[in-house]
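See below for the structure under consideration.
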2 protein chains.
Amino acid sequence: MKSPRKYPSSTDVARLAGVSQSAVSRAFNKGTSVSEETSRKVFEAAKQLGYSPNFLPRMLRKHRSDLVAIVISDSANSFYAVAVDAFSKALQETGHQVLLFSVGGGNALDGVLPRLASYRVDAIVSALPVVTREAAEAFARIRIPTVSFNTPARNQWVSSVCSDNAGGGALVADLFVLRGARSFGFIGGMRGDYASDERLRGFRERLATHGFDEVQTARGDYAYEGGFAATQAMTGQRLVPDALFCANDMMAFGALDALRRAGWRVPDDVLVAGYDDVPAATWGSFDLTTVVHDHQAMVAAAIAILHDRMTDSGTDPADGVTTTVPVRLAERATTRR
Amino acid sequence: MKSPRKYPSSTDVARLAGVSQSAVSRAFNKGTSVSEETSRKVFEAAKQLGYSPNFLPRMLRKHRSDLVAIVISDSANSFYAVAVDAFSKALQETGHQVLLFSVGGGNALDGVLPRLASYRVDAIVSALPVVTREAAEAFARIRIPTVSFNTPARNQWVSSVCSDNAGGGALVADLFVLRGARSFGFIGGMRGDYASDERLRGFRERLATHGFDEVQTARGDYAYEGGFAATQAMTGQRLVPDALFCANDMMAFGALDALRRAGWRVPDDVLVAGYDDVPAATWGSFDLTTVVHDHQAMVAAAIAILHDRMTDSGTDPADGVTTTVPVRLAERATTRR
DNA sequence: ATGAAAGCGCTAACAA
DNA sequence: TTGTTAGCGCTTTCAT
C-alpha cells in the first residue's frame, strides 16, 4: 500500500508556534484555559501547515468513538433510504458520525457484528426489515446499545421504534366498512416480516368487531411486481374482494394496474388501500388511499433512545424499550365513492 | 457523559493467556508467525473475555484509516440511495468502511470538510448532484483523493464518473426523429445541474444534425410535481411539441399525467421519454421510454479509481480522471407508434 | 495560563 | 517463534 501522506501533528504546530504541544490541544478544544495570544499563534501556525486535529487518538483516550453504526440491507424499501439520511443529519448535530454497514442476504449479519465492535461504535441503528430472535441476541452479545428501526425486536440491549402497524390496519378496516365493502382481501409481505403481519392482524381484528371474519390473503414481495401478480391471480379466478388492503404502497400500485388491466374499476368495483404514503401515492395515475407514518417522529424517537443510552445521566442500556409511533390515514381516490 | 464500558484490551487477553501482548496482536493478524499452541491459548482467552481487537490504534499507527467518506445531500434523486448501498457493499469487500456525511443546503459543505479531514478518511465519494467549481476546489484543498459520482468535476485531486449524459440525449433525439416528430420540447433540472445541461446539449446537437434547430425548454425540479407543472404550462398555452424529453423519469411521470389530464394521448399525439430507468418506468401505468444508465458499471468505475488512488502501486492522486459510462435506450410504450 | 509527562491499545522493529 | 520496547497523536493530570 502507498505510504500515506503524513498529516501535520499537533507537535508540528506547537514547534512552529513556539508553544507546547498541550497548548495546541487546548487551543483546539473549547472549555479550556488558553490565552488570547497563545490561541492566535497556534491557529496561525495550524493554518500555515494545513493542520486539522486527528480524531482517532481522542477516541482512543476517551474510550468513546462518537460513531454510530447504521446497519442496512439491500431492501427494496426506499423507506430506509430516507431514514439513513435523516439519521445521519440528526446525529451530526450532536457531534456523532454515521458508520455504514451493509449486510447481504442470509446470515451475513454474523460477519458484520465483530467489525461493529472493533470500530468501538457507541450505538447501533438496525435498519433491517427482518430481525429474527437470533439476530437480536447477536446484537445484544456485543453489548452496544441498539435500536431496531421499524422492526420489533427487544431484549436487554435492543430497543425498537415502530409505527403502529396494527393500528394502521384497523384504520383501513374501518374505512373499508364505512365505504360499504363486505368482502376483504390482503396482500402481505414476505414470511416473518413483522410489519406485514401486524398490519394484517390489526386489519383482521377490527373487521371482526364489525362482524366480518373472512379475509382472503395473498403474499407479495413488497414490490410492484408482487402486488401485480397476486392481484392477477385474484382476477384470473374471479375472486376479487370488495376491498383490497396491500401491506405497502408498491404492491398497491401493482394491484391497481392489475385490476384496471382486467377491467375492474377502482373505486367503483374495488376499494384499494396501501401503506407508507410514498411520494408516488399522490401521483395522478394512482391517487392511492394509504396509511401515513410519521418518519420524522420515528427518527426522532430512535435518536432520543440512542442519546439516552449514550449519555451518562441516561438509562442503563440493559433494558430496551419499545416505542410505537401513531399513524394516520390519507384517504384519496381509490376509496372515495 | 456516561463513562463508557471498558473493553478488554490485548493486554488483558495476554495476561489471561499467559503470553505477551504482541503475541495477541500477532495471533489476530494473519501473515505473522505464531505457533499453533500460542494461537490457541490466545483465542481461548479472547473468547473468554469477549475480546475484539480495537481498530482505532491500528489506524493511528498505520496512518491509514481504511475509511471512505460518502458525502450525500437530501436530494430527491433516489439514484443516490442505491449508489450508497452499492458503494458500502463493494468497499466492505476490501476491508474499507463507509463513513457518511450529510450536507444540508447552501454552503454547508464547508462545515463538513474539516471533519472529513479529521477522521483521516483515505478517500471521498461525493454523491452531490451539484459540485460547483468552488466545491471541487474545497475538496482538493484537503488533499484526499475524491471521486464525484454522476456529476462532472475535476482537478488535481478530484476525479469523476458520469454516465454519458450527452450521448443519452442524442439517443433520444434519434428516436424521436425516427418516430416522425418535428417539434421538440425538453424539461430540465435545476440551474447549474450538469447532468441536465449535458442531456439537453446532446439532445439539441443531435437534433441539429437532423435539421431541427428549435427546442422548447422548461425547467422542473427533478420531481413529479415539477414535470407536471411544466407540462401543464405547455398544455395551457397549447404549445405542446410532438415529442417531449424529460431530464429524469420522475418529471416524465408528471408530464405524462399532465398530458393525459389535458386530453393529449401518448404516444399518438405526443412522444415522451425520460432518463434514469427507475423501477416505476416499467409499471403498467407509465411504460416509459427512457435512457438506462449502468449503475453497476458506474459504481465499479468509481471504486476502481478510489482503489487505484488508495494503493501504493497506484497513480499519483494529483491528477483526476473523468470516466464516462455508456448508456442505452429502453424503448417502451410512450414512443412506440 | 502553560509545560512536562503519562498513557489510551495497538503495530513493528529489534533482540533473543 | 517469542518477548521487549518504542512510538502513533492526542487528552489530561500535575506542577509551576
Side-chain angles (χ1 to χ4, degrees), chain A residues 1 3-42 45-46 49-67 95 114-115 117-120 122, chain B residues 1 3-42 45-46 49-67 95 114-115 117-120 122:
Chain A
M1 303 296 256
S3 72
R5 154 166 90 99
K6 182 80 166 44
Y7 288 81
S9 72
S10 58
T11 311
D12 299 329
V13 175
R15 187 166 23 235
L16 182 60
V19 298
S20 75
Q21 181 271 328
S22 19
V24 177
S25 174
R26 281 192 274 255
F28 275 91
N29 290 54
K30 53 185 176 185
T32 52
S33 41
V34 224
S35 72
E36 188 73 11
E37 170 65 3
T38 306
S39 187
R40 201 191 47 69
K41 282 192 292 189
V42 167
L49 294 175
Y51 169 78
S52 58
N54 186 342
F55 287 171
L56 305 174
R58 184 217 305 264
M59 304 181 195
L60 202 58
R61 276 269 339 197
K62 295 201 169 180
H63 296 286
R64 49 184 10 265
S65 61
D66 288 334
L67 256 25
R115 319 223 346 220
S118 282
Y119 280 102
R120 300 296 192 252
D122 292 340
Chain B
M1 302 298 254
S3 73
R5 153 166 93 98
K6 182 81 166 44
Y7 287 82
S9 70
S10 58
T11 310
D12 299 329
V13 176
R15 188 166 23 235
L16 182 62
V19 298
S20 74
Q21 180 272 327
S22 23
V24 177
S25 173
R26 281 191 276 255
F28 275 91
N29 291 53
K30 52 185 176 184
T32 52
S33 42
V34 222
S35 73
E36 187 73 13
E37 170 66 2
T38 307
S39 187
R40 201 191 48 69
K41 282 192 291 188
V42 167
L49 293 176
Y51 169 78
S52 57
N54 186 342
F55 286 172
L56 305 174
R58 183 215 304 262
M59 303 180 195
L60 202 57
R61 273 276 333 200
K62 296 201 169 182
H63 295 285
R64 46 179 21 260
S65 61
D66 287 334
L67 256 26
R115 317 216 357 210
S118 282
Y119 280 103
R120 300 296 192 249
D122 292 339

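Proteins come first, then strands; the chains are lettered A, B, ... in the order of their sequence lines, and each starts at number 1.
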Is there a side-chain contact between R58(A) and the phosphate of dT11(D), meaning an N or O under 4.0 Å from OP1 or OP2?
yes

Between dC8(D), dC10(C), dT2(C), which nucleotide gets closest to the side-chain atoms of P57(B)?
dC10(C)

Over how many whole Å does the gap from E37(A) atom CD to dA1(C) atom C1' extend?
12 Å

Respond yes when some side-chain nitrogen or oxygen of Y51(B) is under 4.0 Å from OP1 or OP2 of dC10(C), and no when none is.
yes

For S25(B), report the nucleic acid contact type (base, sugar-phosphate, nothing); a contact means any heavy atom under 4.0 Å.
base

Measure from CE on M59(B) to P on dG9(D) and round the result to the nearest Å.
15 Å

What's the closest nucleotide to the S33(B) side chain, out of dT11(D), dT2(D), dT13(D)?
dT2(D)

Report the residue (T38(A) or Q21(A)) whose heavy-atom-nearest nucleotide on DNA chain C is the more 5′ of the two.
T38(A)

Could you tell me the separation between the CZ atom of F55(A) and the C1' atom of dT11(D), rounded to a whole number of Å?
14 Å

Of the candidate nucleotides dG9(D), dA12(C), dA5(C), which contains the atom at the shortest distance from the side chain of R61(A)?
dG9(D)

Out of dC10(C), dT2(D), dG9(D), which has the shortest distance to the side chain of S35(B)?
dT2(D)

Going by modelled atom types, is there a donor-acceptor pair between the base of dG9(D) and the side chain of R120(B) at under 3.5 Å?
no

Starting at NZ of K30(A) and ending at C1' of dT12(D), how long is that distance when rounded to a whole Å?
19 Å

Under-3.5 Å donor-acceptor pair between S22(B) side chain and dT2(D) base:
no

How about F28(B) and Y51(B): are their ring centroids closer than 6.0 Å?
yes

Could you state the atom-to-atom distance from OH of Y7(B) to P of dC10(C) in whole Å?
12 Å

Distance-minimising heavy-atom pair for R26(A) and T32(A)
O-OG1, 2.9 Å

Whole angstrom is fine here: how far is it from NZ in K6(A) over to P in dC8(D)?
7 Å

Go through dT12(D), dC8(C), dC8(D) for me and flag the one nearest to the L60(B) side chain.
dC8(D)

S10(B) and Q21(B): side-chain donor and acceptor closer than 3.5 Å?
yes

So does N29(A) get a side-chain nitrogen or oxygen closer than 4.0 Å to the phosphate oxygens (OP1/OP2) of dT11(D)?
yes

F28(B) near the nucleic acid: base, sugar-phosphate alone, or nothing, with a heavy-atom cut-off under 4.0 Å?
nothing

So, does H63(B) get its side chain near the phosphate of dT11(C), meaning an N or O under 4.0 Å from OP1 or OP2?
no

Separation of N54(A) CG from Y119(B) OH (nearest 0.5 Å)
11.0 Å

Could you tell me the separation between the CG atom of L49(A) and the P atom of dG9(D), rounded to a whole number of Å?
13 Å

Looking at the side chain of V34(A), which of dT12(D), dC10(C), dT2(C) is the nearest nucleotide?
dT2(C)

Pair S35(B), T38(B): side-chain N/O donor-acceptor within cut-off below 3.5 Å:
yes

Okay, side chain of S65(A), backbone of R120(A): is any donor-acceptor separation there less than 3.5 Å?
yes

With a 4.0 Å limit, can you tell me whether K62(A) has a side-chain N or O closer than that to the phosphate oxygens OP1/OP2 of dC10(D)?
no

Specify the separation, in whole Å, of atom CG of L56(A) and atom C1' of dT11(C).
15 Å

Does S10(A) put a side-chain nitrogen or oxygen below 4.0 Å from OP1 or OP2 of dC10(D)?
yes

